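Just below is one structure, and these are the notes that go with it.
Each chain gets a letter, A, B and so on, in the order the sequences are listed, and its residues count up from 1. Since the structure is predicted, the reported quantities are computational estimates derived from the model, not experimental observations. Scope of the values below: all heavy atoms of this structure, side chains included, with no hydrogens, waters or symmetry mates.
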Amino acid sequence: MTDYLQQIIEGCRQGDRKAQRQLYEQYKGIAYGVCLRYADDSHDAQDLLQEGFIRVFRDINQFQGAGSFDGWVRRVFVNVALQHLKKKRSFPVAAMLEEELNELQDDTRWSVFDNDDLSAGLIRLMQQLPTGFRTVLNLYVLEGYSHAEIADQLSISVGASKSQLSRAKTMLRAMLEKNLGADSIYLTKTGAYGK
Amino acid sequence: MENKLPPDRLDAFLQKMLEDYTPAPPDDIWAGIEAELPQPAVAPTPVRYPVNPAWWAAAAVAAVMLGVIAFQHWHYNGQIEKLSARLELEKAAEGTSGTGLADNNQASQAIIAEAVMGGAPPNGQFTAKAAAVSGNIAANGKATRNAEANPAALQYTDEQYTRPRRPAHSDAAGSGEVTERQQPEQITTAMRSEALRGLPAAQLIGVINRQYDLHSGQPFALAAPSTQTAVLKPRWALKARIMPMRTRIQLSAPPAPDPGPGGPGGGPGSNRDRVFADPEVVNGAALATGLMVERSIAGRWTLSAGADLLRTEATTAHDCDFEIRERDHHGGGHGHPPRPRQSHDFDYNLHTAAGLTSVSLRVTEVDTMRMLDENEVVQFVVNTRQRTTRVAFPLLLGYRIERSRWSIQPKLGLMAGFTFERGVDVTGVAISGAENIFEANVKPASDLEERLTFGLDAAASLSLAYRITPEWEVGVEPTLMHSIGQWSGGPDANARALGIAAYAAYRF
């Protein structure tokens with residue numbers, strides 16, 4: 001941790017508004033990326049972003065310097081997102097019917113990559129996933145949680161976690177294939193996209 | 001621990017695309033966050049005084065001490081000069097008449113001259129007395145160390161008093177030849193004054209006021225008992241004391257607050273109009289340090305005056321509650337429809353010993369899954385702390401009873417003082433109910449400013465002292481104070497303080 005970041009953290013602990021603003025400016029991009037992955041849309045993500053930073057400033061005394069501050073901030077935002085999901089009472093998520101999947105694919109505007117960068121388009125595709133699928137996909141693939149940990153966090157069974165992850169990947173691959181066409185083969189057959 | 005499945009290409013793709021993805025949020029997000037954050041506590045603007053009150057107290061003590069010293073100097077110097085002048089007049093009258101001392105009063109004064117100067121008596125009388133004391137008086141007229149160290153050296157006996165007089169000019173053999181009268185050494189006023197100044201203060205007091213009876217004019221032989229000492233009780237005492245105290249303030253009924261403006265939380269019947277007067281009693285602690293001067297005024301009666309510096313601190317827990325129906329509306333912002341409220345701003349009026357103070361709080365929901373009832377009541381405990389500094393000037397009348405080395409002295413009097421009040425600090429807010437729903441996340445600040453008030457207290461004490469040397473004594477003094485009145489904007493409160501002072505006194 002740099003001295004500059006340490007000073008900012010110390011200022012935030014003392015309630016210094018200037019330090020809080022500096023911390024916000026430094027972490028708003030990372031935090032907003034996390035929020036977008038878990039939210040249904042950008043408005044929802046902005047609410048999560050606002051609530052998450054309030055939680056960061058409130059609980060910053062709990063950060064004792066052990067481990068990465070970036071990681072601690074990410075965990076705060078993930079927890080805020082999970083609490084937000086609990087509030088919406090979206091768990092447990094029932095298995096999605098194939099009809100719903102087909103309807104979703106039909107309704108999807110496959111122009112997400114036309115005028116934006118790939119990451120933003122990918123985010124928008126993920127936001128098309130059912131909340132449960134998206135949450136399990138985020139926790140497993142991007143946060144590194146195990147299925148047991150996911151089951152504990154979301155109050156579901158390990159089997160449900162595995163099932164939802166599998167279905168989420170299937171849906172996402174289908175979305176990418178339809179949107180990217182032949183390029184998506186690289187994701188499923190030969191390697192990571194762009195190689 | 002569960003083994004994760006090997007990551008497939010989709011996992012790697014997602015991680016590469018999203019792990020370091022840092023999109024820019026809208027610009028107005030920070031404004032929304034800032035609105036939700038606790039307002040930084042604004043410290044009340046301190047009242048600046050040109051001089052620290054502690055310096056005023058120190059100056060007052062110094063002035064009292066200077067006055068005591070000046071009075072002593074003036075008082076004893078005057079007595080010495082008066083005594084010397086009378087002796088000069090008497091000596092002149094004696095030289096003129098050649099008939100010796102006119103009366104016993106003059107005789108007593110002559111003894112003083114004899115004792116002081118060590119010379120022969122003016123008329124040849126009282127030589128035994130002169131012999132008794134001359135060993136303590138040096139040839140130059142100053143008192144010796146022996147006389148200072150042993151006040152009993154100035155005692156005299158019945159034998160010395162009752163020795164028959166001889167005529168000033170006698171015919172020793174009845175032959176009609178008059179012997180030469182022994183002439184005393186030439187004594188000047190300055191020499192007498194110098195000799196008297198050399199005496200210890202206690203003996204000098206005895207010379208002037210009692211032992212030699214210069215003022216009453218009583219016959220010398222009748223006035224003197226068989227033995228008498230020149231050592232007297234000291235009349236002055238300088239005390240340094242420290243006193244821990246417990247304070248208790250009974251608050252009167254709170255005044256009605258001004259009707260607040262309309263809007264969220266305001267208006268008739270709103271929380272903003274309410275005054276929380278609980279508790280009615282504020283308990284605290286104080287520590288007083290000070291100096292006092294005590295003077296024996298008549299018999300056993302004493303008068304004490306001085307200055308004390310008191311620092312007090314009182315902590316209070318105010319029980320408050322708030323009805324949810326009056327919570328402020330907090331919009332969702334960012335162009336969305338208002339979302340379910342998550343924060344609620346409350347304004348309170350707390351009735352404190354320092355006056356009515358308003359406190360602003362914000363309560364944030366912790367469990368957002370739980371919907372609030374419209375008539376739900378949130379209960380709080382607001383902890384406050386009030387600190388004051390007081391400079392008090394006690395004036396006490398006492399009655400001192402002594403037995404051996406012990407003395408006991410009840411006192412009664414008044415204490416006038418200036419109190420420097422620093423407002424009320426809100427030290428914390430705790431939610432006593434529904435802990436799983438709310439949390440206080442705002443440290444509120446009082447709106448009371450520092451101020452200076454003047455008050456008058458009645459004081460009663462009982463001093464118990466032990467004299468460890470003729471000059472020094474130590475003691476304890478339980479003291480009770482009760483406020484009589486307070487001016488300059490202080491709240492109408494009934495205050496009491498009870499403490500036990502420990503002191504050391506130098507008596508002189």
With a 4.5 Å cut-off on side-chain heavy atoms, are [Y] and [X] touching?
X	Y	value
B:L18	A:V141	no
A:L122	B:F13	yes
A:Q46	B:P25	no
B:I29	A:K28	no
B:I33	A:F57	yes
A:L142	B:D11	no

Interatomic distance, A:L118 atom CG to B:K16 atom NZ [nearest 0.5 angstrom]: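 The NZ atom of B:K16 is 9.5 Å from CG of A:L118, to the nearest 0.5 Å.
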For A:I30, is there any backbone N or O sitting under 3.5 Å from a side-chain donor or acceptor partner on B:T22? no
Does a sphere of radius 6.0 Å around CZ in A:R13 hold more than 12 heavy atoms from other residues, nucleotides or ligands, not counting ones at 6.0 Å or beyond? yes
CG of B:D27: more than 12 outside heavy atoms within 6.0 angstrom? no
If you take all heavy atoms of A:Q50 and B:E36, which pair is closest and at what distance?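 Heavy atoms only, the tightest pair is NE2-CG, 3.7 Å.
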In terms of relative ring orientation, are B:W30 and A:Y24 parallel, tilted or perpendicular, with 30° and 60° separating the classes?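 If you compare the ring of B:W30 with that of A:Y24, the planes turn out tilted.
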Using non-hydrogen atoms only, which part of A:E25 is less than 4.5 Å away from chain B: side chain, backbone, both, or neither?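 No part of it gets close to chain B.
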Below 4.5 Å from any heavy atom of chain B, which atoms of A:R21 appear? Answer side chain, backbone, both or neither.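 Its backbone and side chain both get close to chain B.
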Determine, stepwise, if the pair B:Y21 / A:I123 fulfils side-chain contact (heavy atoms from CB on, under 4.5 Å). CA-CA 10 Å; B:Y21 179 51; A:I123 289 283; 3.7 Å; yes
Please walk me through it: do B:L14 and A:L137 pass side-chain contact (heavy atoms from CB on, under 4.5 Å)? CA-CA 10 Å; B:L14 292 175; A:L137 181 67; 4.1 Å; yes
